[in-house]
Protein chains: 2
Amino acid sequence: MTNQSLFDESFMESPVLSRKERERLMRRRAMLEAARAVFAEKGYVDATLDEIAQRAEFGKGTLYNYFPGGKDELFFTVFEEIFAQFRQLIAQSFAGAASFREGFETFLRASFEFFEQHRDMLLLVTRESQRMLVSPDPERAAFFQKHHETFLELLTRHIQAAIERGEVRPLPAEAVAHTILGNLHGLAMHRLLKECVASKPQHVFPTPEEATRFLSTLLLEGLLNRTQTTGKS
Amino acid sequence: MTNQSLFDESFMESPVLSRKERERLMRRRAMLEAARAVFAEKGYVDATLDEIAQRAEFGKGTLYNYFPGGKDELFFTVFEEIFAQFRQLIAQSFAGAASFREGFETFLRASFEFFEQHRDMLLLVTRESQRMLVSPDPERAAFFQKHHETFLELLTRHIQAAIERGEVRPLPAEAVAHTILGNLHGLAMHRLLKECVASKPQHVFPTPEEATRFLSTLLLEGLLNRTQTTGKS
DNA sequence: TCAACAAATGACCAATCAGTCACTTTTTGA
DNA sequence: TCAAAAAGTGACTGATTGGTCATTTGTTGA
């Protein structure tokens with residue numbers, strides 16, 4: 001498994017927590033990692049609490065000591081943490097950038113690297129996030145719509161500024177943000193699928209760098225060939 | 001319900017079929033429409049055969065006379081028909097076009113109209129298609145991957161030709177096709193969601209025409225502002 | 001050492017639902 | 001008209017699984 005732990009464990013050295021508290025947090029952490037792995041592998045409905053408990057090396061009942069809300073609470077907590085990571089990634093990418101282009105490319109590169117390091121998370125988000133966004137259960141739908149909107153807002157801010165500076169074509173900023181996120185997710189999945197299926201030896205941007213260059217060119221410069229001299233930069 | 005029937009009913013006048021055969025096809029049709037509606041509303045797992053049977057006004061057992069494979073056969077048949085429609089749409093859009101741009105814009109417009117007329121189908125595809133693409137069940141995954149690849153191939157052919165004619169920047173054609181499909185689906189969903197949620201009075205390309213113009217500009221011309229004179233065409 | 005408390009456990013319960021099949025209703029054709 | 005065949009039906013079954021709780025195991029501090 002190539003996946004790394006997603007989360008900050010610095011609290012483990014913190015002296016403000018007693019041993020008992022630290023142990024409790026470690027057990028919570030183990031349960032969440034197990035839940036993430038099983039949800040990613042099976043999807044929300046096919047994941048069973050028995051398997052999560054087994055993978056975390058606890059009895060099923062113990063899960064309820066730590067997550068009284070049961071399956072749903074585990075699921076939402078897993079996503080809260082994933083989404084928090086990604087929000088941070090967006091903010092950091094644009095933080096010190098000199099131009100929109102620079103921030104944008106940093107964001108793409110960091111995202112592709114992030115997805116590559118956390119494949120199971122990408123699968124999980126792909127499998128469930130879209131589905132939940134249009135869930136018949138209004139609570140679930142609201143949770144995912146809220147987070148989705150937060151991502152959009154973060155990106156929209158930078159795009160709007162770039163439009164006002166004249167760097168970017170005057171298009172509706174929010175729609176542009178939506179497009180960028182969609183493309184990012186789509187290409188990351190495309191790479192993952194090609195890699196997994198690999199029926200044909202398909203060259204499909206083996207490095208984050210190449211994926212970034214493709215998406216950056218396509219979205220920033222467009223598909224149309226402007227120079228008759230086959231203008232590669 | 002704004003959804004129209006998706007499918008060809010011309011066989012109903014065909015003299016090659018007996019009354020019994022025509023009646024049987026009509027009942028099959030009713031069951032498939034009911035299945036599509038319930039799958040779209042509830043998603044694959046939460047849809048029950050009881051509800052499909054009830055909506056189609058048949059007993060549950062009768063479904064098995066027409067679809068011995070049960071839930072799975074209903075589900076796959078629904079998708080076979082949706083995918084066949086969309087393949088036809090791609091082929092027709094590029095058929096008589098003078099340039100890539102013209103065919104591309106026809107394709108976008110036709111797609112947005114198609115999705116608008118068949119909202120429940122769009123929801124169904126969104127909810128299930130992505131999910132099935134990475135399903136742990138290899139049979140399901142293969143079914144969806146096969147259809148997905150067919151779409152890609154259809155589009156890739158036209159893009160490759162446009163690249164060879166010098167109309168389109170020399171990028172990997174298949175990746176471009178993937179991007180186009182992703183954007184189309186993404187924007188269609190964005191419009192649908194904004195319309196449904198409508199918390200804020202969001203202007204988000206109310207007509208297929210506007211959605212087409214946005215996506216066409218963004219993908220063909222790119223985000224970067226080339227003229228300092230705020231070049232609106 | 002041991003009593004009191006906390007934590008962990010997994011057998012069990014209740015609900016759900018795909019699929020079956022014995023029975024009823026309808027159609028057919030002689 | 002009516003018997004035989006075809007079509008339709010929904011109560012039932014078996015399997016699954018989220019959640020519960022009485023019991024067991026471990027920890028603490030006097």
Side-chain angles (χ1 to χ4, degrees), chain A residues 17-79 128 132 135-137 139-140, chain B residues 17-79 128 132 135-137 139-140:
Chain A
L17 298 175
S18 67
R19 178 178 59 77
K20 285 194 68 147
E21 286 169 322
R22 275 179 284 134
E23 281 181 0
R24 191 170 175 84
L25 281 174
M26 279 301 278
R27 294 202 194 96
R28 233 183 104 91
R29 172 90 291 121
M31 289 173 190
L32 282 174
E33 295 288 347
R36 187 163 59 87
V38 177
F39 282 135
E41 196 176 303
K42 303 286 179 66
Y44 178 76
V45 273
D46 291 337
T48 67
L49 289 184
D50 280 314
E51 183 168 352
I52 293 172
Q54 196 175 8
R55 178 119 32 147
E57 294 175 280
F58 287 97
K60 182 160 64 160
T62 312
L63 291 183
Y64 281 84
N65 291 346
Y66 289 79
F67 300 92
K71 197 179 189 184
D72 276 7
E73 187 178 345
L74 277 163
F75 186 70
F76 283 128
T77 307
V78 164
F79 269 93
E128 305 301 339
M132 294 291 169
S135 166
D137 177 342
E139 200 185 342
R140 274 184 211 168
Chain B
L17 298 175
S18 67
R19 180 178 59 75
K20 282 196 70 150
E21 286 169 322
R22 275 179 285 135
E23 280 182 358
R24 190 169 175 85
L25 282 174
M26 279 301 276
R27 295 201 193 96
R28 232 183 107 90
R29 172 91 288 121
M31 290 174 190
L32 282 174
E33 294 288 345
R36 187 163 58 87
V38 176
F39 282 136
E41 196 175 302
K42 303 287 178 65
Y44 178 76
V45 273
D46 291 338
T48 66
L49 289 184
D50 280 314
E51 184 168 350
I52 292 172
Q54 195 175 11
R55 178 118 34 146
E57 295 175 279
F58 287 96
K60 183 160 62 160
T62 312
L63 291 184
Y64 282 83
N65 291 345
Y66 289 78
F67 299 92
K71 199 180 188 183
D72 276 8
E73 186 176 347
L74 277 164
F75 187 70
F76 283 128
T77 308
V78 164
F79 269 93
E128 305 301 340
M132 294 291 170
S135 167
D137 177 343
E139 200 185 341
R140 275 185 209 166

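Below, each value reflects all heavy atoms present in this structure, side chains not excepted, and no hydrogens, waters or symmetry copies. Sequence lines set the chain letters: A, B, ... in the order given, protein chains first and strands last, and positions in each chain run from 1.
Going from atom CG of B/Leu74 over to atom P of C/dC17 covers 16 Å, rounded to whole Å. For A/Phe58 and C/dA6, the CZ to P distance is 19 Å, given to the nearest whole Å. A straight line from CD of B/Glu73 to C1' of C/dA18 spans 14 Å, rounded to a whole angstrom. With rounding to whole Å, A/Ile52 atom CD1 is found 16 Å from C/dG10 atom C1'. Look at CD on B/Gln54: it is 14 Å from C1' on D/dT9, rounded to the nearest Å. The CG-P distance, from A/Leu63 to D/dT17, rounds to 15 Å in whole Å. B/Leu25 has its CG atom 13 Å from the P atom of D/dA7, to the nearest Å. Following rounding to the nearest Å, B/Glu57 (CD) and D/dG10 (P) show an atom-to-atom distance of 12 Å.
Within the structure, every side-chain polar atom (N or O) of B/Arg27 is placed at least 4.0 Å from both OP1 and OP2 of D/dA7. Regarding contacts with the backbone of C/dA8, a side-chain N or O of A/Asn65 is found under 4.0 angstrom from either OP1 or OP2.
Rounded to the nearest 0.5 Å, atoms CE (A/Met31) and CZ (A/Phe67) are 7.0 Å apart.
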Distances under 3.5 Å between nitrogen or oxygen atoms of protein and nucleotides 18-26 of chain D:
| from | atom 1 | to | atom 2 | distance (Å) |
| --- | --- | --- | --- | --- |
| D/dG18 | OP1 | A/Ala47 | O | 3.2 |
| D/dG18 | OP1 | A/Lys71 | NZ | 3.0 |
| D/dG18 | OP2 | A/Leu49 | N | 2.9 |
| D/dG18 | N7 | A/Lys60 | NZ | 3.4 |
| D/dG19 | OP2 | A/Tyr64 | OH | 3.0 |
| D/dG19 | OP2 | A/Lys71 | N | 3.1 |
| D/dG19 | O5' | A/Tyr64 | OH | 3.2 |
| D/dG19 | N7 | A/Lys60 | NZ | 3.0 |
| D/dG19 | O6 | A/Lys60 | NZ | 2.5 |

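Counting non-hydrogen atoms under 4.0 angstrom, B/Arg24 reaches nothing in the nucleic acid. Among the atoms of the strands shown, only primed sugar atoms or phosphate atoms (P, OP1, OP2) are found under 4.0 Å from some heavy atom of A/Tyr66.
A/Ala34 meets the side chain to side chain contact (heavy atoms under 4.5 Å, CB included) test with A/Ile52, A/Arg55, A/Ala56; sequence neighbours excluded. Scanning for side chain to side chain contact (heavy atoms under 4.5 Å, CB included) contacts around A/Asn65 gives A/Thr62, with sequence neighbours left out.
Residues B/Arg24 and B/Glu21 are not in side-chain contact: their nearest non-hydrogen atoms beyond the backbone lie 4.5 Å or more apart. No side-chain heavy atom of B/Asp72 sits less than 4.5 Å from a side-chain heavy atom of B/Glu139. For the pair A/Glu73 and A/Tyr64, the minimum side-chain heavy-atom distance is 4.5 Å or more.
In terms of modelled atom types and a separation under 3.5 Å, the side chain of A/Glu128 and the main chain of A/Tyr44 share a donor-acceptor contact.
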